[in-house]
Structure formats: structure tokens, C-alpha cells
**Student:** 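Below is the structure I would like to discuss, written out as C-alpha cells.
Hydrogens, waters and symmetry mates play no part in the numbers below; they use all other heavy atoms, side chains included. Position 1 is the first residue of the sequence; numbering continues from there.
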Amino acid sequence: MTGITDLTADEARRVILRAQGLIGADARKGGTHAMLRRLGAVQLDTISVLARSHELVAYARLGAVGRSKIERAYWHNPAQSFEYWCHAACILPIEHWPLYSFRRRAYRERRYRWHEVPDGVDKLLDQVRESGPLTTSDVGGAKNGGPWWDWSESKIGLEWLLDIGEVVCSRRVGWRRVYDLAERVVPADLLAEDLSDEECITRLARIAGRSLGVANRTDLIDFLRLKGKHSAILDEVLLSGAVGLTPVSVTGWPGKKGLANAWADPAALESEPRGRHRTTLLSPFDSLIWHRGRTQRVFDFAYQLELYVPKHKRVHGYFTMPLLAGGRLIGRVDPARAGTTLVARQLSLEPGLSAAKWADAVREALWSAAEWVGCDTVHVERATPPRAPPDTERDRIASTPKTQADDQTDRPPSESAVCVVHRHRSRAR
């Protein structure tokens, strides 16, 4: 392969951060609406600690934008976005509707995903047509009474209709999906666009490459969750140049010497990433880090979400959020809320990093997040390294016992636990 561009690992990392909207003020232009289109997909998740993940993704890039404003930008009338399966369940720009026809066809052919499709789906579709938009509550509820995956037949039917594109979710009420006919939600010109599998994957790979900035094959596969014949199509269109990404060789990334080991958005290579790095907590489901192998490769940051790890085996906490500062992942915070207090149940810097050097970044990340969710106090219960940074005019640090907000009741509080109880008003934002 000719025309390979060489990148150092640091150069690739900065290109990735800019592509993800985490360098420079320009990334804030256009607000949440533009951010979604820059990222291509924003993952959804039911868990809400400080806020839900799709809100945290916007906050990380845009700062303290109002949460109701974020919601309106995602789900609006007429629809500006829709929910579908990309990397996972994601909010996607409405104009990308035609690009997922390859997946809708695959689901229709398979007629199964997590559950067998029940009889009576046609009647359910008629009900949406006559009475929609509607939620699962309008058709008898979502569950049969067992575990969370024990869906009712009406829930299975509605999700199947969503999978194959007969219905669309373009907004939520009380975190419940609102289903309506695709023909009533998706603009007619988009609904009429008929793309082949190859056309879909080519255009989606271009979107994924632009969102990721620099990505190897595994990263692109993970972004779009391709397999089988669809991953084979990706290989073909990458090698043919149809996707329009530039082959690059990133120092330290896996690959053979002298050959490209990744692909880059050509527009991202035209100028040096410049501007202030964002200092922020990141959702575990943020597209910057949702591929854990990529996170290790790009940031040398080994990250595992410990939601499903037994409490006594957790190392960093229940909902650990990586801390981004200076273009690097410098540590992680396990957050909680107790009234108007943001609680950092555990705060850990990466091995070898100086607490004194990074103290201001940690404070900025914690206080910014606290103010965004309406908290006026920050408690840090455990910290690694254990010693708190020295007092300054901006922050007064004092010892404090463990609060009841910590769900890890089988673990005693650390003797080095600290509480940030005050911050000088000049720091307020």
C-alpha cells in the first residue's frame, strides 16, 4: 500500500481528541445538535449516577449546558434524531436513517434477536398506526414479572418492529421509549432512500472514521458492531479507498512494519490540533473510551467498568468515571450524590502521577461536575495517592468520615479520606 502517513502515538492521540470534540473552543459551536453529528452516535444507558450517559457525553464536550436543553436537542418535534443499534443502543442523527437499512434487513431475515418474535406483531403495528405514538405502558407493559430480560410479548413485538424499521423511537417519556410509525417520523426523502449493504457500510465507516479521528480496523468494527459478511464488506471498501480514509502508520500500534496499521480522517490530518484541552469526568459509555482495547492503546489506561463485579472484588468502584485532563486520562472517580453533595467515594490517580501536579485538574473536574448537577459541596472519601493536596486560597481540605452515600458498606473508611468543603468564589463557573 502506498501513500501511508506516519503518526506518532501522541499525534494520533491529539487528532483523536479533536475529532471527539475534546480540544479547543470550536468543538462547542452548534451545541448538542452539532456534537451528535460530530460524534455520529451517542450511546444510551439506563444507569444514572450524576446524570444519564447521553447527558454526560454532552457535558464533557460542551460544559454546563442545561440538561433539559440537552434533552430537547436530542429528542425534538420534528425529530432531529432517532434511536437504533450502532455501537450499542445509540442516539443517531435522523439523516442517518437510510444508512442502517443493512441492519434492518438483517434483522428481518433473521426474525430473532434476543427473543422469538411473537404472533400478533401485525396487530401491534396496526395499534401503533391507529393510536400511536405509544409506549409499552399503552399496550400492557414491558415485563412479564421476571428478570429484566423477561419481556412481555408486546414489548418484544414493539422492539422487533423497531429493529426492522416499521416503527421508530425519536423521543422518551420517563425514560420509556415512545414508538411511532417510521412514515410519521422519518422525513419522506430519507424514508425513500434505498441503499445497498455496501453503500450503507461505506458511508457509515466514513462517519466512524471521522468521529474517531484515527482508527484501526478493530475500532471501526467496534464502532459499528459489524460481523460476518458486513465486516467483510468493510474490509473491501477500506482497501478499495471507497471509504475515503487515509492509511496511516501509528507508532506503537499493532501492525507490520512498513504497512498501514490504521486509518485517519483526511480532514483531521490537514492541521495541527490546537486549543485548550477539556478537563472533565467521562461517562463509561463515552465514545472516546467505549472500546476498552482502544482506550488502552491510545491512552495507556486500563479501564474496566465494575458495575457487575461483586462489591467485595471491586478495585475502583461501582460507576468509575475516567478523569480527562491535559489530553490524558489521569485517574478515575467513583461518584455518588448525597443531597447537594457530590461524593467521590474513591478517587485514584494513575500510578506515577503526582497529586500536587494534578490537584488543580482534579478539583476543576469535581467542582465543575458538582455545579452542573446542582451540588454545592464535594466530599472525597478515599484518595490514591493517599495524601491530600496542600491548602490553597481556592480550596480548604479537611478530614471527614465516610458518608452514608457509599454503597460499599463492607469496606471501612480510609484514614486518608478527605473532604473538599469550600472553594473560593473566583473558581465558580
Side-chain angles (χ1 to χ4, degrees), residues 1-9 11-24 26-27 29-30 34-42 84 86-87 90 92-103 189-190 193-251 253-256 258-273 287-288 290-291 294 297-298:
M1 182 180 294
T2 60
I4 298 173
T5 299
D6 292 324
L7 295 175
T8 68
E11 287 171 339
R13 176 178 51 81
R14 289 194 295 272
V15 169
I16 288 165
L17 287 164
R18 181 174 62 182
Q20 283 280 301
L22 292 162
I23 292 180
D26 286 350
K29 292 180 179 178
M35 180 212 72
L36 174 60
R37 279 138 186 89
R38 181 183 302 112
L39 298 182
V42 171
Y84 200 62
C86 181
H87 169 81
C90 290
L92 304 165
I94 193 68
E95 59 269 25
H96 291 183
W97 170 267
L99 309 184
Y100 289 88
S101 58
F102 84 98
R103 183 154 286 154
D189 60 330
L190 298 176
E193 195 169 351
D194 185 22
L195 302 178
S196 68
D197 286 6
E198 182 174 325
E199 288 171 319
C200 291
I201 291 168
T202 299
R203 289 169 60 177
L204 283 171
R206 189 176 303 135
I207 289 166
R210 184 173 64 242
S211 170
L212 297 175
V214 181
N216 66 14
R217 177 185 183 274
T218 302
D219 300 334
L220 296 172
I221 290 284
D222 180 77
F223 190 106
L224 300 171
R225 292 293 168 94
L226 301 176
K227 53 184 165 182
K229 67 177 184 180
H230 296 137
S231 60
I233 291 173
L234 175 68
D235 291 335
E236 292 172 4
V237 297
L238 280 172
L239 290 174
S240 72
V243 176
L245 298 178
T246 300
V248 297
S249 177
V250 182
T251 305
W253 286 27
K256 295 182 180 179
L259 298 177
N261 58 8
W263 306 86
D265 173 23
L269 300 178
E270 291 177 356
S271 61
E272 181 76 16
S287 52
L288 181 71
W290 65 18
H291 180 354
R294 174 178 168 86
R297 185 183 344 121
V298 174

**Student:** Tell me, do Ser287 and His87 make a side-chain contact under 4.5 Å, heavy atoms counted?
**Tutor:** no
**Student:** For the residue pair Arg18 / Ser271, report whether a side-chain donor-acceptor contact shorter than 3.5 Å exists.
**Tutor:**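 Short answer, yes.
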**Student:** Nearest 0.5 angstrom please: Leu238 CG to Leu245 CG, how far?
**Tutor:** 6.5 Å
**Student:** Between Asp235 and Arg217, does the salt bridge (charged side-chain N to carboxylate O under 4.0 Å, His left out) criterion hold? Intermediate values first, please.
**Tutor:** CA-CA 8 Å; Asp235 291 335; Arg217 177 185 183 274; 2.6 Å; yes
**Student:** Are Glu236 and Leu239 packed together at the side-chain level, in the sense that at least one heavy-atom pair is separated by less than 4.5 angstrom?
**Tutor:**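 A side-chain contact is absent here, since even the closest heavy-atom pair is not under 4.5 Å.
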**Student:** For Glu193, check salt bridge (charged side-chain N to carboxylate O under 4.0 Å, His left out) against everything at least two apart and list the hits.
**Tutor:** Arg203
**Student:** Can you find a heavy atom in the side chain of Leu212 that is under 4.5 Å from one in the side chain of Phe223?
**Tutor:** yes
**Student:** Is there side-chain contact between Thr5 and Ser249, with heavy atoms separated by less than 4.5 Å?
**Tutor:**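 Side-chain contact under 4.5 Å: no.
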**Student:** Does the side chain of Phe102 come within less than 4.5 Å of Glu199's, by heavy atoms?
**Tutor:**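 They are not in contact (no side-chain heavy atoms under 4.5 Å apart), so the answer is no.
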**Student:** Test of understanding: with ring-ring contact (aromatic ring centres under 6.0 Å, His included), list the residues that count as partners of His291, not counting sequence neighbours.
**Tutor:**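 His291: no ring-ring contact (aromatic ring centres under 6.0 Å, His included) contacts found.
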**Student:** Would you say that Glu11 contacts Glu272 through its side chain, given a criterion of any heavy-atom pair below 4.5 Å between the two side chains?
**Tutor:** no
**Student:** Is the gap between the ring centers of Trp97 and Tyr84 under 6.0 Å?
**Tutor:**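 Centroid distance Trp97-Tyr84: not below 6.0 Å, so no.
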**Student:** For Arg210, check salt bridge (charged side-chain N to carboxylate O under 4.0 Å, His left out) against everything at least two apart and list the hits.
**Tutor:** none
**Student:** Is there a side-chain contact between Leu234 and Leu220, using heavy atoms and a 4.5 Å cut-off?
**Tutor:** yes
**Student:** What are the two closest non-hydrogen atoms of Arg294 and Val214, and how far apart are they?
**Tutor:** NH1-O, 2.8 Å
**Student:** I need the Ile16 CD1 to Ser211 OG distance, nearest 0.5 Å.
**Tutor:** 10.5 Å
**Student:** Any heavy-atom pair between the side chains of Arg297 and Pro254 that's under 4.5 Å?
**Tutor:**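 Side chain of Pro254 against side chain of Arg297, heavy atoms only: contact under 4.5 Å found.
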